[in-house]
Amino acid sequence: MTETFADLIACEDALMFVNAAITSTGQREFHHEEGEQRLSLGFLHEYVLENYRDLYAASLALNVNDHNAVLIVRNLLLRAGDVDVERRRREGRLIARRLGLLPPQRVYRLFRDLRRRGVNNRRTRAIMREWMAGRPDPAFDAVKYRDAVKGAMRHAHVRPGAAADGELGPFLFAPRTVKRFATPIFETWRRAHYEREALYELPYTVAEGFAAKHKVPRAVFAERIESKMTRLERLRLQESTGAAADLGAMPLTRLATYALSLSLDDRARRRAELTEALRTSARRIAGAARGSWGRVAAVLDDSHSTSGSGRKRRRPLAVALAASYLLEALAKEYTPLWTSGRTDELLLYPFGPTPLGERIIDALETGPERLIIVSDGWDNAPPGLAADVLRIWRSRLDPGHRYGGAQRVQITHLNPVYDADDFDVRRLAPTVPTAGIRDAEDLPTLVELARFAEGRVGLPALQAHLDERTARFLEHS
Amino acid sequence: MTFGLDGLRTRPAQTWGSIRLVPLVRDEPVPGLRLHRVAYDEPISVVDVGDGSSYTSYIPHAFVATWRDGDELPAASYGARLLERDTAPAPERMPIRTTKRMARKAGKDRLRFLPLHLAVEGYLALHFGGPTIAWEEWSRKAVAQGLSPRAEAAYLGRQVRGLEDALRIFEIHPGQCGVLVYVADALASAFVVPHPDDYRALHATLVEDMYGELIYIHGLLGARTGDVSAGIDDSRIGSLADLRAAAVRGRAEWAVFHDEVMARRLFDEKGTHRHVQRLRDFHLTRFLPSFELKRENHIGEAIVDGDARVAYLKTFRLSDGQIRRGHLLTWLAKHRWRLRDAAAAMRVTEANLALRLERSGFGYLLRQDVLDHYRAQAARGETFRPPDPPSGGPAVT
């Protein structure tokens, strides 16, 4: 089977987009400002939508981040007329499935955006209607996202119907005409307007507004509302007030972020607890694949640039730390090598230059079956050494290179930072596949996806992989 | 006295756009000296020149050098409490402070000085006194007041495009005590401190330093830095050990290349030094280059300890115009401000030299009628002819 040049380009474009959609959130990064990020990402979306619409829709099935998922859905609906009915239907299923996974506030924001842009085709209305019909508790939504729900209903011509004993309509559109609601949460909301005690029954964000109105002291409010908070809200409050957080409930990357947010003294004091929580979480993700990766070496970046930006404080370092715990669970034998040379993972903080090249030599000397590099790709001590080392390893030293590409050491570079200049995550060497990573939880799938970036597996294989992922993604709906 | 960057090792450069930063690392800090940054509450400072006039300047920050007998305290050097007396806000009714001199004792064992101001002042004051013998060509003002008023233009680091970003992104090495700043691969400035903690505290102050016109223009042009890394020759690599050896070799080669090629003109062996102050074993020194035309010229200041180790260094790269002015003044001074002798030594006519002085902004030093006379001579197009031996007779014009 022959591959055309166009196929190669398509393959590269596809991966570039996927990498960007996984890593970039249009926020400020260590090297690039927010504006650059948005411009760069906006262009990429336009480009891929125009040239590879199938792929653009299919990336909803991949682990793209919420920010990009919303952008993709919006752009697909905005340009619905461009494709035939058959493809539109397929896109519709992908969109519906993805909307089901997104946090509701993001979806409501998307609906508001669609309304503002005047997107009101039949399919958009159907999708909105379907999503709203699928909400588990319409009455709760109506209280928590009142304006957004109202706007969405008006826009998509949704009738309030029989939800919440038929009180949804009056609650949203004419609350003053009702003397007394039968639905408890509506009634609480009505009472909260003049009764201070009632507001503690409401969702946190709604209660916050009423608390301000009734001039409730912040400390009193925070203490009494706690039971009404969502998990994340509670976590945020705990972090801001310094209270001990519930470690068991946190996902791995968030757990790593939390650990790194503590002072070094706190980390040392709670070493056993934190290590246990990280290990347990990593083991849960590894699941059946636990111990199946053989000998693994990892080169992990803890240089100054992993401090991220004000918007994403220490995010790259947290991803590397979480990845390290996950790899430990996946591997039979595991060697972590941090660029700074430090070995106590729990006491890391971003510092120093990035001597990736030397660390990669160290890692290869341990004779691993897999080498995972987690770094933002700014190799600077000295610059370009990592690329040289990887190139020479591939072309001369890898024991597998003689046997026609059946390489024994599988090297993958995972990059947590989107590079606004290159429209991609920064690469270390052309011969080593690079994939963007947002959460360490995605690591196993990304290592799989990164094979395509190497150029050895062509477009048909990538297409097959995407089809398979799409099918699996839709299966669960 | 000469000194170099001995004891400091060059590490791989980091680049961002047109800026290249080369870190310098010490094995161990220079004992007995620490630098602190003093952030002044009011940035305007007035220096009393002594003759009734005063010199006003904007001072973004100043460093305080501290001498101590024992080991330095492990505390960070930023905002130490010892300095309270200096940083205390002045009474409101006196918004400006009069400073006696640029380098001033801030306490029994401390010396306060303004980075680079000293050096620039040193450059300006090179022949501050002006002519020592009242030759008839010089105006009365030149004889009475010297080269005053003094004025030189410099740019704030913030105005050098890309420098601020580069400094933010730069990853400080463990043990780093200094940095060399290149803009479009022209050496802009060298900065060395005695202790790594000092460096970490003072790293960001590089954007508040002064940079010459050349550096500012290079920043504006935004030419990217060249790739000077050699890469590894794969034909000689047979094992991982070879690869490691090649990496180590590459690192050493870069350091040698940088020190011997890129930073070669930082110290001018023909330049001059002047001790400003001495405390214990440390000398605060200003140095001036030889003002040779069409090459790099750096002025700067340094604190050197008894073993000739550089504890503190800050340099400023002169622009071409500044080099020309320094060059002229140097020649004049060498010939005791005698125009005729200086011109003969430079192998130009007196008129040429006089007009060059005027073009360099020193026209006010010459008497108006003398200058007019030279102008007329130059208009006639006379060229230089070597004087007849024996010399000392009337100069041929």
Side-chain angles (χ1 to χ4, degrees), chain A residues 28-33 36 301-310 339-342 350-368 375-376 378-399 401 409 417 421 429 431, chain B residues 9-17 19-23 25 162 164-176 179 196-197 199-200 203-204 224-255 257-258:
Chain A
R28 210 179 136 176
E29 297 282 3
F30 186 77
H31 289 94
H32 294 283
E33 298 291 330
E36 294 172 72
D301 190 351
D302 61 338
S303 68
H304 175 52
S305 63
T306 57
S307 51
S309 67
T339 50
S340 64
R342 288 176 288 188
F351 175 64
T354 321
L356 277 181
E358 284 172 22
R359 275 309 159 267
I360 292 172
I361 299 178
D362 292 343
L364 289 171
E365 271 179 349
T366 65
S375 163
D376 60 8
W378 289 88
D379 171 38
N380 60 22
L385 181 62
D388 269 350
V389 167
L390 290 169
R391 174 175 58 85
I392 293 169
W393 170 259
R394 271 285 192 254
S395 60
R396 301 186 71 86
L397 302 178
D398 188 351
H401 84 275
V409 184
V417 180
D421 284 347
T431 50
Chain B
R9 280 174 295 116
T10 308
R11 288 276 175 237
Q14 294 174 31
T15 60
W16 179 257
I19 313 283
R20 178 194 298 278
L21 298 172
V22 179
V25 173
E164 200 170 355
D165 278 343
L167 288 171
R168 177 176 63 83
I169 288 161
F170 181 80
E171 298 182 347
I172 296 175
H173 285 248
Q176 183 173 350
V179 72
D197 288 351
Y199 185 81
R200 291 195 77 178
H203 174 75
R224 296 211 159 232
T225 50
D227 181 12
V228 292
S229 63
I232 296 175
D233 174 15
D234 17 346
S235 62
R236 287 158 63 194
I237 308 292
S239 68
L240 272 175
D242 289 353
L243 193 55
R244 187 185 290 280
V248 172
R249 207 162 47 236
R251 177 174 281 230
E253 277 167 8
W254 153 254
F257 167 75
H258 171 264

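We name chains A, B, ... by the order of the sequence lines, and we start the count at 1 in each one. On a predicted model such as this, the values are computed, not experimentally measured, just so you know.
- Using a distance-only test at 3.5 Å, with no hydrogens or angles considered, no donor-acceptor pair links the side chain of Asp398(A) to the main chain of Trp393(A).
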Any chance you could lay out the side-chain contact (heavy atoms from CB on, under 4.5 Å) test for Leu356(A) and Ser375(A), step after step, and finish with the verdict? CA-CA 9 Å; Leu356(A) 277 181; Ser375(A) 163; 3.5 Å; yes
Is there a side-chain contact (heavy atoms from CB on, under 4.5 Å) between Leu167(B) and His203(B) once you walk through the steps? CA-CA 8 Å; Leu167(B) 288 171; His203(B) 174 75; 3.7 Å; yes
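- With a 4.5 angstrom heavy-atom cutoff, Ala13(B) touches chain A only via backbone atoms.
- At a 4.5 Å heavy-atom cutoff, Ser340(A) makes no contact with chain B through either its backbone or its side chain.
- Checked by atom type, the side-chain pair Asp379(A)/Thr354(A) shows no donor-acceptor distance below 3.5 Å.
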One pair to check against side-chain contact (heavy atoms from CB on, under 4.5 Å): Trp378(A) and Ile169(B). What are the steps and the verdict? CA-CA 10 Å; Trp378(A) 289 88; Ile169(B) 288 161; 5.9 Å; no
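- For a residue to count as touching a neighbouring chain, one of its non-hydrogen atoms must lie under 4.5 Å from one of that chain's; by this rule Leu364(A) touches chain B with backbone and side chain alike.
- Heavy atoms of Asp388(A) lying under 4.5 Å from chain B belong exclusively to its side chain.
- Ranked by heavy-atom pairs shorter than 4.5 Å toward chain B, the options Gly357(A), Ser305(A), Ser307(A), Ala387(A) are led by Ser305(A).
- Of the two parts of Ile392(A), only the side chain, counted from C-beta on, holds a non-hydrogen atom closer than 4.5 Å to a non-hydrogen atom of chain B.
- Only the side chain of Trp16(B) comes within contact range of chain A, with at least one heavy atom under 4.5 Å from a heavy atom of that chain.
- Taking CD1 from Ile237(B) and CG from Asp242(B), the interatomic distance works out to 5.5 Å, rounded to the nearest 0.5 Å.
- Residue Arg11(B): no heavy atom, backbone or side chain, is found under 4.5 Å from chain A.
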